Amino acid sequence: MARTVPIKAELNRYWRIFATGFCFSLFGIGALALTFIAFPIMTLSARNQQQREMRVQAIIQRTFAFFCRTMKFTGAIDYEFIGEDILRQDRNCLVVANHPSLIDYVLIASRMPQCDCLVKAALWNNPFIKGIVKAAGYIPNRDPDNLISDCSERLDEGNVLLIFPEGTRTTPKQKSKLQRGAAQIAIRTQSDIRLIHITVSPSFLTKGSKWYNVPKNKPFFRVEVKDKIQTARFIDNADSVTTAARHLNSHLAEVLFPPAA
């Protein structure tokens, strides 16, 4: 009897390895199907590029929601959203989140019918992802000369723009450092910031780990929509745009990565 619990726990871990592999295979197949079948069909009747991108983003939200439910149903992960109704009501703002795992973007986008995203240039070379980011009109982080104007254009249309200011996934047990891009965009476009804080315990799908590095216990994701930061107070209390962005970036680091109690 003493070995019953360890055996059950190990069997559960093997099942979660299988379930995770199944879900990621499903994601890859679904991404290709969307890119080469669904998106071309659904955008044929679009009047313009903006309508086409809104349709694509809406289908991304529904398919990501299905993917998340599948991961939860199979027991690969569990998750909880706090304040998602607030998130759905946001317009004309940046959504800024920490980035502890590979599926943070999927979790957030699964709750947002409209969600532009600033994505790293490498994703435009990923065969499973590039069709999605291109069809959705996401903004590649590779052209600094046009980046602010591209973001400003989307925000002026009332869109919501998702940014992970770390630039990449958090490295476990290492202090995170924010790039200043999110703060620069917020200040220069005079857009407020909605904060999202994500925790996952135990760590899963972190930087440097493989999908099959499944922990002994089922990972639990907690996605909490937090307060909105008013950028006007940083602009009003600074003598330059650069200073305002630096102060805002420092504030983001404090609220996204509070010191452990």
Side-chain angles (χ1 to χ4, degrees), residues 23-24 26-71 81 84 87-97 99 101-144 146-165 167-169 181-182 185-186 189 191 193-194 196 198 223:
C23 289
F24 274 87
L26 186 67
F27 185 93
I29 294 171
L32 293 176
L34 288 175
T35 299
F36 295 108
I37 301 175
F39 290 163
I41 292 174
M42 68 183 295
T43 59
L44 284 175
S45 61
R47 294 191 301 270
N48 51 51
Q49 181 177 347
Q50 183 181 12
Q51 185 185 63
R52 182 166 60 249
E53 291 172 355
M54 292 302 100
R55 289 182 178 181
V56 169
Q57 290 182 18
I59 196 66
I60 286 174
Q61 183 266 323
R62 291 193 287 271
T63 54
F64 280 6
F66 172 76
F67 174 78
C68 292
R69 289 195 299 268
T70 301
M71 290 200 78
F81 284 87
E84 61 179 286
L87 188 63
R88 291 195 183 102
Q89 296 170 12
D90 278 329
R91 295 291 183 274
N92 187 33
C93 70
L94 275 65
V95 174
V96 171
H99 197 6
S101 84
L102 181 64
I103 61 172
D104 300 329
Y105 154 62
V106 176
L107 286 166
I108 295 173
S110 73
R111 293 305 197 270
M112 300 175 64
Q114 186 284 310
C115 177
D116 283 313
C117 191
L118 183 65
V119 298
K120 57 185 180 181
L123 290 180
W124 290 75
N125 299 318
N126 185 308
F128 294 100
I129 301 297
K130 68 178 181 181
I132 292 178
V133 298
K134 183 177 180 179
Y138 290 164
I139 302 172
N141 190 7
R142 62 185 177 191
D143 187 0
N146 296 322
L147 180 61
I148 299 296
S149 61
D150 288 344
C151 293
S152 180
E153 181 180 346
R154 302 300 175 87
L155 292 164
D156 288 344
E157 293 170 354
N159 290 10
V160 173
L161 175 61
L162 173 62
I163 301 178
F164 296 100
T168 185
R169 280 172 284 169
I185 293 169
T189 62
S191 301
I193 295 175
R194 172 68 70 188
I196 293 183
I198 304 171
V223 184

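The model shown is predicted, which means the values in this text are computed figures rather than measured ones.
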Of all the heavy-atom pairs spanning Val160 and Gln114, show the shortest one and how long it is.
-> N-OE1, 2.8 Å
Are any side-chain N or O atoms of Gln61 and backbone N or O atoms of Ala109, one a donor and one an acceptor, separated by less than 3.5 Å?
-> no
Checking side-chain contact (heavy atoms from CB on, under 4.5 Å) for the pair Cys151/Ile139: CA distance, chi angles, key distance, verdict?
-> CA-CA 8 Å; Cys151 293; Ile139 302 172; 3.9 Å; yes
So do Tyr105 and Val119 actually touch side chain to side chain, heavy atoms under 4.5 Å?
-> no
What is the minimum heavy-atom distance between Ala135 and Phe39, and which atoms define it?
-> CB-CD1, 3.6 Å
side-chain contact (heavy atoms from CB on, under 4.5 Å) evaluation trace for Ile196 with Leu87 | CA-CA 9 Å; Ile196 293 183; Leu87 188 63; 4.0 Å; yes
Mind checking whether Phe64 and Cys115 have side chains closer than 4.5 Å, heavy atoms only?
-> no
Thr189 side chain to Ile185 main-chain N or O, any donor-acceptor pair under 3.5 Å?
-> yes
What pair of heavy atoms forms the shortest contact from Asn146 to Ser149, and how long is it?
-> O-OG, 2.8 Å
Does Phe24 reach the side chain of Leu102, with side-chain heavy atoms less than 4.5 Å apart?
-> yes
From Ile108 CD1 over to Phe81 CZ, what is the distance, rounded to the nearest 0.5 angstrom?
-> 8.0 Å
Show your working on side-chain contact (heavy atoms from CB on, under 4.5 Å) between Met54 and Glu157 and close with a plain yes or no.
-> CA-CA 12 Å; Met54 292 302 100; Glu157 293 170 354; over 6 Å; no
Closest heavy-atom pair and its distance - Pro140, Leu147 = O-CD1, 4.3 Å
State the SG-CG distance between Cys117 and Leu161, to the nearest 0.5 angstrom.
-> 7.0 Å
Where is the tightest heavy-atom contact between Pro40 and Ile37, given as atom of each residue plus distance?
-> CD-O, 3.4 Å
Given the rule in the side-chain contact (heavy atoms from CB on, under 4.5 Å) test, do Tyr138 and Val56 qualify, once you have shown the distances and angles that lead to the verdict?
-> CA-CA 11 Å; Tyr138 290 164; Val56 169; over 6 Å; no
CG of Leu26 to CE of Met71: how many Å apart, nearest 0.5 Å?
-> 10.5 Å
With rounding to the nearest 0.5 Å, note down the distance linking NZ in Lys134 to OG1 in Thr35.
-> 10.5 Å
Please determine, by modelled atom types, if Asp116 and Gln57 share a side-chain donor-acceptor pair under 3.5 angstrom.
-> yes
Could you tell me the separation between the CD1 atom of Ile29 and the CG atom of Leu34, rounded to the nearest 0.5 Å?
-> 12.0 Å
Would you mind reporting whether Asp156 and Glu153 have side-chain heavy atoms less than 4.5 Å apart?
-> no
Does the side chain of Val223 come within less than 4.5 Å of Arg111's, by heavy atoms?
-> no
Aromatic ring pairing Phe164/His99, orientation class (parallel under 30°, perpendicular over 60°, tilted between) | parallel
When every non-hydrogen atom of Ser191 is compared with those of Leu94, the smallest separation belongs to CB-CD1, 3.8 Å
